[in-house]
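Everything below concerns the one structure shown next.
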Amino acid sequence: MTKTANIDWDNLGFDYIKTDLRYISTWKDGKWDEGKLVEDNNLTISEASTALHYGQQCFEGLKAYRRKDGKIQLFRPDQNSKRLNRSCNRLLMPEIPEDKFIDACIQVVKANSEYVPPYGTGGTLYLRPFIIGTGDNIGVKPAPEYIFCVFCVPVGPYFKGGVTPVNFLVSDYDRAAPFGTGAAKVGGNYAASLYPHKVASEEGFADCIYLDPMTHTKIEEVGSANFFGITKDNKFVTPKSPSILASITRISLMNIASMYLGMEVEERDVYIDKLDEFKEAGACGTAAVITPIGGIKYKDNLHVFYSETEVGPVTKKLYDTLCGIQFGDVEAPEGWIVEVE
Ligand SMILES: *Cc1c(COP(=O)(O)O)cnc(C)c1O
């Protein structure tokens, strides 16, 4: 029997739970220290930290999965490492070497393995790596010091009782500027999204859809997830734009659509007034995996795709294949899985 923490696995949501240990490494005098696991979940930083004033911070999100044989695995952590470093470069923060990043994730999972939900509950251990600018500084410039931390939280399946579609509202607001930080996973983009999200949810929608900031004619993001559509002739289509955050779930689905389901894949403009070309649509990201899009409200019209209450067959197949790979039930393409223990 695998040892597990005293948690009601069937009622886990997406809420903070303090786990036993987190990894911390600090950057000072031009280099990262060795890094270590600590018990304290509070950080003590200078009141003048750039992360607090100028938004110099970025983060990642990935999951550890418990397999049927009890072992634990990570899904494509090398991709999170590469993306974190792209975000760091955009905000002039020091990169984390890929082996250090993956080692930190593995250490955190091993140290908190009791919190990895049992296979079959649909739950996972969500890892949150992040980097913040710290140290004493008041002018607008890169911080003199940085903290890299990875902590983890057990989370439940996003959909309890089956994958079900939700509706989205096209927002009048933008989440990112054309040559801004839309392609970097930075907190500032999220701060800017809180208000449009509130507007959408007050109108009864799950979240909002952001259009391209330059022309407001093309779909960019669905809340904090990427968009995909399945055309009537069965192509997997997803938007292409420099201000989209390149989702790892999305590139994985592009591969799955072509390699496992034999579909054609297109990365191109998706016009908000041409939604008729799709028979199904969805939003994808690590937290929700795939959220089927029931309908999209644009101006005064609600465009319904497959159904407002049932997931479409292609979306379901993509979802099952991806989850199968992540939980170790379906053979993964080479290099996608890192076994922890
Ligand atoms: C993290 C994120 C996603 C999803 O990326 P995954 O790598 O699939 O988790 C999509 N959009 C935004 C804005 C994000 O921050």
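As the structure lists them, so they are numbered: ligands from 1, and atoms in each ligand from 1. The chain is numbered in sequence order, starting from 1. What you see is a predicted model; the values in this text were computed from it and never measured.
- An N or O contact shorter than 3.5 Å is missing between Leu245 and ligand 1 by distance.
- Shortest contact from atom 9 (O) of ligand 1 to any protein heavy atom: Thr286 OG1, 2.5 Å.
- Looking at Glu60 and Lys185, no side-chain N of the basic residue comes within less than 4.0 Å of a carboxylate O on the acidic one, giving no salt bridge.
- For atom 11 (N) of ligand 1, the closest heavy atom belonging to the protein is Glu221 OE1, 2.9 Å.
- Within the 4.5 Å cutoff, the side chain of Asp20 has no heavy atoms near those of the Leu37 side chain.
- Lys185 NZ, 1.4 Å is the protein heavy atom nearest to atom 1 (C) of ligand 1.
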Q) Stepwise, does the side chain to side chain contact (heavy atoms under 4.5 Å, CB included) test hold for Trp336 with Asn255? A) CA-CA 11 Å; Trp336 280 22; Asn255 282 310; 3.5 Å; yes
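- Not a single heavy atom of Gln79 lies less than 4.0 angstrom from ligand 1.
- No side-chain N or O of Glu145 forms a donor-acceptor pair with one of Thr26 less than 3.5 Å apart.
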**Q.** Trace of the salt bridge (charged side-chain N to carboxylate O under 4.0 Å, His left out) decision for Arg175 with Glu221
**A.** CA-CA 9 Å; Arg175 65 171 280 279; Glu221 295 253 12; 3.6 Å; yes
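- Shortest contact from atom 13 (C) of ligand 1 to any protein heavy atom: Arg175 NH2, 3.5 Å.
- The line from CG of Asp207 to NE2 of His197 is 5.0 Å long, rounded to the nearest 0.5 Å.
- Within the listing of ligand 1, atoms 10 (C), 11 (N) sit less than 4.0 angstrom from a heavy atom of Ala225.
- When only non-hydrogen protein atoms are considered, atom 10 (C) of ligand 1 lies nearest to Ser224 O, 3.3 Å.
- Between Phe227 and Phe168, the ring centre distance reaches or exceeds 6.0 Å.
- Each of the atoms 5 (O), 6 (P), 7 (O) of ligand 1 lies under 4.0 Å from some heavy atom of Arg83.
- Ligand 1 does not have Glu60 within reach: every non-hydrogen atom of the residue lies 4.0 Å or more from it.
- Remark: ligand 1 and Tyr190 share an N or O pair separated by less than 3.5 Å (distance only, no angle test).
- Heavy atoms only, all atoms of each residue included: Leu125 and Asn112 are closest at CD2-O, 4.5 Å.
- Between Ser247 and ligand 1, an N or O atom pair is found at a separation short of 3.5 Å.
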